Amino acid sequence: MNKLYHTVVIGGGCLGAACAFSVQRRLGNNRHKVAIIEKKVLGAGLSSRHSAIVRSANASPMAARMAKMATQYWKNLKPLWGVNIPYEQPGAIWIAENTPDSRAESWTALEQMLQQEGIGFAMLAHRDVMDLSRQALKTVPDEIYYYEPDVLQLDSPQILNAMQTAAKKNRIDVLEHCEVIDFAHTKQGISAINTSVTSLTLL
């Protein structure tokens, strides 16, 4: 059996699925199709085992900006995936050493950089740490604490369910238990993908 596709994404994790959904939605309702090839099942790799924590704090300003944008997308996935994913916004407490031989000054620089990027990240007084953690976190004199309020917590099973629902809504062909064997080439590039299940021809 041979099928014709506009785009074929190899790997059905969160990133591969997001690429497939985005391309298919941009193509609209025309006859061009998008497929995902996954050697196990959709989302069965790291996407099923990650912490599902979405945060923006990062030592690289560019990565922090991108993570901030990603956080906003996670909050409102429907325009991108056709479905939303429930989330909680508990925030996160960061812990750093505050000793003469530690690099506490780098955390101060991180705080300043993130705030310049519009990302909530600020040092906490020890009493505030206790209040935020509902007494679950015991503070240590030689540690300093920072709070990032916009950190999201998602639920991995809900992410997988959303991926499966979005694949159906966006008319993505998902080929599970399917491995890539080789590629056919022309002067223009890859023309077909041969798998353990079928051959997919590219437009």
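Heavy-atom basis, side chains included; hydrogens, waters and symmetry copies ignored. Note that this is a predicted model, so its numbers are computed, not measured.
Side-chain N or O atoms of Q24 include none that pairs as donor or acceptor with a backbone N or O of A35 at under 3.5 Å. Side-chain atoms of E148 come within 3.5 Å of backbone atoms of A57 as a donor-acceptor pair (strictly under, hydrogens ignored).
Side-chain contact check for R26 versus V23: every heavy-atom pair is 4.5 Å or farther apart. Between N98 and D142 there is no side-chain heavy-atom pair separated by less than 4.5 Å. Annotation: side chain of L137 is not in contact with side chain of M130 (no heavy-atom distance under 4.5 Å). Considering only heavy atoms from C-beta on, T108 comes within 4.5 Å of Y146 through its side chain. Residues Q153 and I53 are in side-chain contact: their nearest non-hydrogen atoms beyond the backbone lie under 4.5 Å apart. Contact check for Y73 versus N76: no side-chain heavy atoms found under the 4.5 Å cut-off. Counting only heavy atoms from C-beta outward, the side chains of K68 and T71 never approach each other to under 4.5 Å. Contact of the H50 side chain with the I159 side chain is registered, since non-hydrogen atoms from C-beta on lie closer than 4.5 Å.
A 6.0 Å sphere centred on CE of M66 holds no more than 12 heavy atoms belonging to other residues, nucleotides or ligands. With a 6.0 Å radius and a threshold of 12 heavy atoms from other residues, nucleotides or ligands, I95 has its CD1 atom above the threshold. Other residues, nucleotides and ligands contribute at most 12 non-hydrogen atoms within 6.0 Å of the CD atom of E88. No more than 12 heavy atoms of other residues, nucleotides or ligands sit less than 6.0 Å from atom NZ of K40. Within a 6.0 Å sphere centred on NZ of K138, other residues, nucleotides and ligands contribute more than 12 heavy atoms.
Cluster membership check: I37 shares its hydrophobic cluster with F183, using side-chain heavy-atom separations under 4.5 Å among Ile, Leu, Val, Met, Phe, Trp and Tyr. Criterion: ILVMFWY side-chain heavy atoms under 4.5 Å apart, direct or through other members. Under it, V34 and V83 are part of a common hydrophobic cluster. Hydrophobic clustering (side-chain heavy atoms under 4.5 Å, transitive across Ile, Leu, Val, Met, Phe, Trp, Tyr) keeps F121 apart from I93. Following chains of ILVMFWY side-chain contacts shorter than 4.5 Å, one cannot reach L15 starting from M163, and the two form parts of different hydrophobic clusters. In this structure, W107 is not a member of the same hydrophobic cluster as V129, with clusters built from ILVMFWY side-chain heavy atoms closer than 4.5 Å.
Rounded to the nearest 0.5 angstrom, K169 NZ and Q164 CD are separated by 14.0 Å. With rounding to the nearest 0.5 Å, the separation of CD1 in I144 from CH2 in W94 is 13.5 Å. Expressed to the nearest 0.5 Å, how far CG of L110 lies from OG of S60 amounts to 11.0 Å. To the nearest 0.5 Å, the span separating CD1 on I10 from CD1 on I36 amounts to 11.5 Å. Residue N170 holds its CG atom at 9.5 Å from NZ of K33, rounded to the nearest 0.5 Å. With rounding to the nearest 0.5 Å, the separation of CE in M113 from CD1 in I119 is 7.0 Å.
Between D150 and G120, the shortest heavy-atom contact is OD2-N, 4.4 Å. A pairwise comparison of heavy atoms in R55 and A67 identifies O-CB, 3.4 Å as the closest pair. Taking both residues in full, the closest heavy atoms of V9 and G16 are given as CG1-O, 3.5 Å, listed atom of the first, atom of the second, then distance. The shortest heavy-atom contact between L160 and G43 is CD2-O, 3.4 Å. Nearest heavy atom pair, residue Y145 against residue T139, reads OH-CA, 3.2 Å. The shortest non-hydrogen separation linking F21 to A166 is CE1-CB, 3.5 Å.
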Compile the donor-acceptor pairs under 3.5 Å between side chains in residues 172-181 and protein atoms, sequence neighbours left out, one pair per line.
{"from": "D173", "atom 1": "OD2", "to": "Y5", "atom 2": "OH", "distance (Å)": "2.6"}
{"from": "E176", "atom 1": "OE2", "to": "L42", "atom 2": "N", "distance (Å)": "2.8"}

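Applying the salt bridge (Lys or Arg N to Asp or Glu O under 4.0 Å) definition to pairs two or more places apart or across chains, those involving residues 107-126 are R65-E117.
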